[in-house]
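Remarks on the structure that follows.
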Amino acid sequence: MLVMNVLPPQSSPEPVKVMYLETLTKGNLLKLLEEASFYPNRYILATAESVKALQNEDVAPKDMITLAEYLDGHGIELETKGDYHKLATQVAQSYTEKYKIRPRIVARADSRGRFMKKSYAYLAEDVDIIENALKDIVHKRFPAANHK
């Protein structure tokens, strides 16, 4: 994500303005670039880190939940493997649309104990994305304790 930092004049007490270029109209963007060419020392083009990406980096992988873990933990069973892949794709796309970044990839142990299985992982606060995506997929819910 590109941002333009606009520094105030030296004697001004104004804060630095941060303008997200992707939110500007074409006319406003051209006007901003024209001003930047007149005052090159006051206009700094930079990339902005996503706050969500920074937040995800601070969380240990074991504290995040994958789609498979969420489904198993809540006793949710899908009809087919194709439904699982459709759900996984839909959840990842919804997450990307909401936060403008892809979900974090974490490694989980496979049946042999090797950390070769890689999956998208989500924070506990993001499970609403999974629940919303489940509305479009045929599934069964069992009490978590009775689920295989």
Side-chain angles (χ1 to χ4, degrees), residues 1-111 114-141 144:
M1 188 177 324
L2 285 175
V3 295
M4 181 72 79
N5 295 306
V6 183
L7 305 175
Q10 289 181 348
S11 60
S12 175
E14 294 177 26
V16 174
K17 278 192 225 173
V18 178
M19 304 177 87
Y20 290 86
L21 298 183
E22 67 184 31
T23 64
L24 298 177
T25 63
K26 204 180 289 186
N28 288 341
L29 184 59
L30 290 172
K31 182 179 175 186
L32 181 66
L33 292 174
E34 184 180 0
E35 289 175 19
S37 67
F38 288 122
Y39 306 104
N41 294 334
R42 288 189 50 214
Y43 289 79
I44 301 168
L45 187 62
T47 58
E49 290 283 336
S50 167
V51 173
K52 189 69 174 176
L54 295 173
Q55 180 185 19
N56 284 352
E57 289 175 12
D58 291 341
V59 177
K62 65 180 173 67
D63 295 332
M64 298 181 83
I65 189 166
T66 65
L67 179 60
E69 292 167 346
Y70 181 82
L71 296 176
D72 287 343
H74 288 82
I76 298 171
E77 191 174 285
L78 302 177
E79 296 271 321
T80 66
K81 196 170 188 170
D83 287 339
Y84 177 81
H85 291 291
K86 181 179 176 182
L87 177 64
T89 301
Q90 190 171 349
V91 169
Q93 285 176 341
S94 296
Y95 182 93
T96 303
E97 288 171 10
K98 183 175 181 179
Y99 295 114
K100 308 294 186 232
I101 59 166
R102 293 169 107 173
R104 181 172 164 192
I105 296 176
V106 297
R108 294 291 195 244
D110 61 10
S111 59
R114 297 182 186 157
F115 284 85
M116 309 244 333
K117 195 168 149 186
K118 302 210 182 325
S119 303
Y120 284 137
Y122 306 91
L123 297 174
E125 66 198 39
D126 297 322
V127 295
D128 63 316
I129 295 172
I130 297 172
E131 282 296 327
N132 286 336
L134 274 168
K135 293 175 184 174
D136 298 333
I137 304 289
V138 177
H139 62 280
K140 298 176 188 169
R141 285 187 190 257

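This one's a predicted model, so the numbers in the text were calculated from it and none came from an experiment. The first residue in the sequence is number 1, and the count goes up from there.
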(request) Could you tell me whether the side chain of M4 reaches within less than 4.5 Å of the side chain of K17, counting heavy atoms only? (result) no
(request) List the atom of K140, the atom of E79, and the distance in Å for their closest heavy-atom pair. (result) CE-OE2, 3.9 Å
(request) Could you tell me whether the side chain of L71 reaches within less than 4.5 Å of the side chain of L87, counting heavy atoms only? (result) yes
(request) With the side chain counted from C-beta on, respond yes when L32 and Y43 share a heavy-atom pair under 4.5 Å apart, and no when they do not. (result) yes
(message) Within the 4.5 Å heavy-atom criterion, are L134 and Q90 side-chain neighbours or not?
(response) no
(request) Check the pair N132, K135 against side-chain hydrogen bond (donor to acceptor under 3.5 Å, both in side chains), reporting the backbone distance first and the verdict last. (result) CA-CA 6 Å; N132 286 336; K135 293 175 184 174; 3.3 Å; yes
(message) Which heavy atom of V59 sits nearest to which heavy atom of R104, and what is that distance?
(response) O-NH1, 2.6 Å
(message) To check you understand the geometry: which heavy-atom pair defines the closest contact between I105 and K118, and what is its length?
(response) CG2-CB, 3.9 Å
(request) May I ask you to test the L30-E34 pair for a side-chain heavy-atom distance under 4.5 Å? (result) no
(request) Mind listing the closest non-hydrogen atom pair of A121 and P103 along with its distance? (result) O-CB, 4.1 Å
(request) Taking all non-hydrogen atoms of both residues into account, name the closest pair between P8 and R42 and its distance. (result) C-NE, 3.8 Å
(request) Run the numbers on Y70 and E131 for side-chain contact (heavy atoms from CB on, under 4.5 Å), then give the verdict. (result) CA-CA 10 Å; Y70 181 82; E131 282 296 327; 2.3 Å; yes
(message) Can you confirm whether Y39 sits close enough to L7 that some side-chain heavy atom of one is under 4.5 Å from a side-chain heavy atom of the other?
(response) no
